[in-house]
2 protein chains.
Amino acid sequence: MVRISNGRSKTTGDGAARARGPRADRRFRARQRDILRAAAAVFREKGFEAAGMRDIALAAGLSAANLYYYYGSKDELLFSCQDLALDRLLGAARAAGKAAGPVAERLRQVIDVQLRCMLEELEGGAAHLAVDALPAPLRARVVRKRDRYERALRALVREGVRAGEFAPCDPTLVTRAMLGALNWTAQWYRAGGPTPLDALCAGFADYLVRGLRP
Amino acid sequence: MVRISNGRSKTTGDGAARARGPRADRRFRARQRDILRAAAAVFREKGFEAAGMRDIALAAGLSAANLYYYYGSKDELLFSCQDLALDRLLGAARAAGKAAGPVAERLRQVIDVQLRCMLEELEGGAAHLAVDALPAPLRARVVRKRDRYERALRALVREGVRAGEFAPCDPTLVTRAMLGALNWTAQWYRAGGPTPLDALCAGFADYLVRGLRP
DNA sequence: AGTCGATTCGAACCATGGTTCGAATCTCGA
DNA sequence: TCGAGATTCGAACCATGGTTCGAATCGACT
């Protein structure tokens, strides 16, 4: 569809403005979170473009119209998914940056977290690979955060090289290769398939870190 | 849009049925090829969903309506792109399978070819990562061919392991990781950017093959 | 019970964009 | 030069799907 709508898409649902007591407020936020979860699942299942608001509404257990009480637009829904997922990834990456121990081990940890965030059923945190679907202003914000994550990962690689733990290489290129391998899993990995998630994490961490050894 | 159209999308343009002399026939096919090239470029530039028939028509230098004289539908256009690109990749992979010499070197060669096929300006062979955009029957054909490519690559990895040239590993997982890293480049690499294509090919081949060493 | 606002939904609304129509134009063999 | 068919295009057509409308329902407080 790619509706331009000549103005910017609404950034908040109608319900966000309401004055609410603490009980009702908690309910509102909880509902919002549930909807986000459902949306993430549908996005992951069918892809952003193919996922319809009616699908999301069905998955979340309310009407399509009602959805707009909680989120201003489909774009906002996707943006919130991506933003939330990136926050979790960024948290893991920063923790790994500060942690002690061999870089290889910390890198394995980040790989593990990213795969689980993206592929675990409970949370569909893989939406962040649909960046191009967002309108420019929202996209810019996601890209900025995504770049922070990439930089954190790159810093880790660079640290390993400096310490002599990894072979000399172009950290930018290598980081992109790693991220590509990880991101692409969202295209083919399905829970309940032949490969258990643990095996995937282990296999990927082995291969991707091994390529850095001197 | 995802038009279901309750029947299957047309698989040939109106012009395909016409009886033509040899001169006109050559013109027809040439035009078809040019359109395919233009379409591939637009798909690569904007993505399949975002690319409009009017965009493609503009890029190819004819009207949107006229496009349907050469290709039956947008789906057929995408399918043809993917099919053609996969033929080239498959050719390279099979050549590498039969060739002599160390497996590592042959693997590097395949990596090189895939990156160039996907990213070179002249041909937008990266469309094959939009498989999910196709209707089921066409998608099945593309997937079958894509799987052949993946199997060829996997066989190469397995051969290296058997020969002791590579470390023992799960070839399926490793192949998927490699393909992910390669495919994802279509998301971020742009000609004229900071990284020359040669550097990308070399860096990726280094890293991805290095991870296989014992 | 009664009221006000928060919440919900079925039924439109309407821009988008793939596709079709019908007529104009061009090409080539006779 | 002429006519039949190949090629081209502007102008609709119309299904899709994000979004809005207006009214009905629910919940909490007096």
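Every chain is numbered from 1, with letters handed out A, B, ... down the list of sequences.
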Between CG of A/Leu78 and P of D/dT19 the distance, given in whole Å, is 12 Å
Under 4.0 Å protein heavy-atom contacts per nucleotide of nucleotides 6-12 of chain D, with B for base, S for backbone only and - for none: SBBBB-B
Between C/dG18 atom P and B/Tyr71 atom OH, what is the distance in whole Å? 17 Å
Please report the distance, rounded to the nearest Å, between CZ in B/Phe48 and P in C/dG17. 13 Å
Have a look at B/Ala57 and say if it touches a base, only the backbone sugar-phosphate, or nothing, with a 4.0 Å heavy-atom cut-off. nothing
Nearest-angstrom distance from the residue atom CZ of A/Arg26 to P of D/dG27: 17 Å
Can you name the closest pair of heavy atoms from A/Ala133 and A/Asp75 and give their distance? O-OD1, 4.2 Å
Rounded to whole Å, the CZ-P distance (B/Arg23 to C/dT27) equals 12 Å
Using a 3.5 Å distance criterion without hydrogens, assess whether the side chain of B/Tyr70 forms a donor-acceptor pair with backbone atoms of B/Thr12. no
Check for a donor-acceptor pair, side chain of B/Tyr71 on one end and backbone N or O of B/Leu78 on the other, with a separation under 3.5 Å. no
Rounded to whole angstroms, how far apart are CE on A/Met53 and C1' on D/dT19? 8 Å
Keeping A/Arg148 on the side-chain end and A/Val143 on the backbone end, is there a donor-acceptor pair under 3.5 Å? no
From NZ of B/Lys74 over to P of C/dT19, roughly how many Å is that when rounded to an integer? 8 Å
With a cut-off of 3.5 Å and sequence neighbours excluded, list every side-chain donor-acceptor pair involving residues 54-63 of chain A.
{"from": "A/Asp55", "atom 1": "OD2", "to": "A/Lys46", "atom 2": "NZ", "distance (Å)": "3.4"}
{"from": "A/Asp55", "atom 1": "OD2", "to": "A/Gly52", "atom 2": "N", "distance (Å)": "3.0"}
{"from": "A/Ser63", "atom 1": "OG", "to": "A/Asn66", "atom 2": "N", "distance (Å)": "3.1"}

Tell me whether A/Asp83 contacts the main-chain N or O of A/Phe79 through its side chain, where contact means a donor paired with an acceptor under 3.5 Å. no
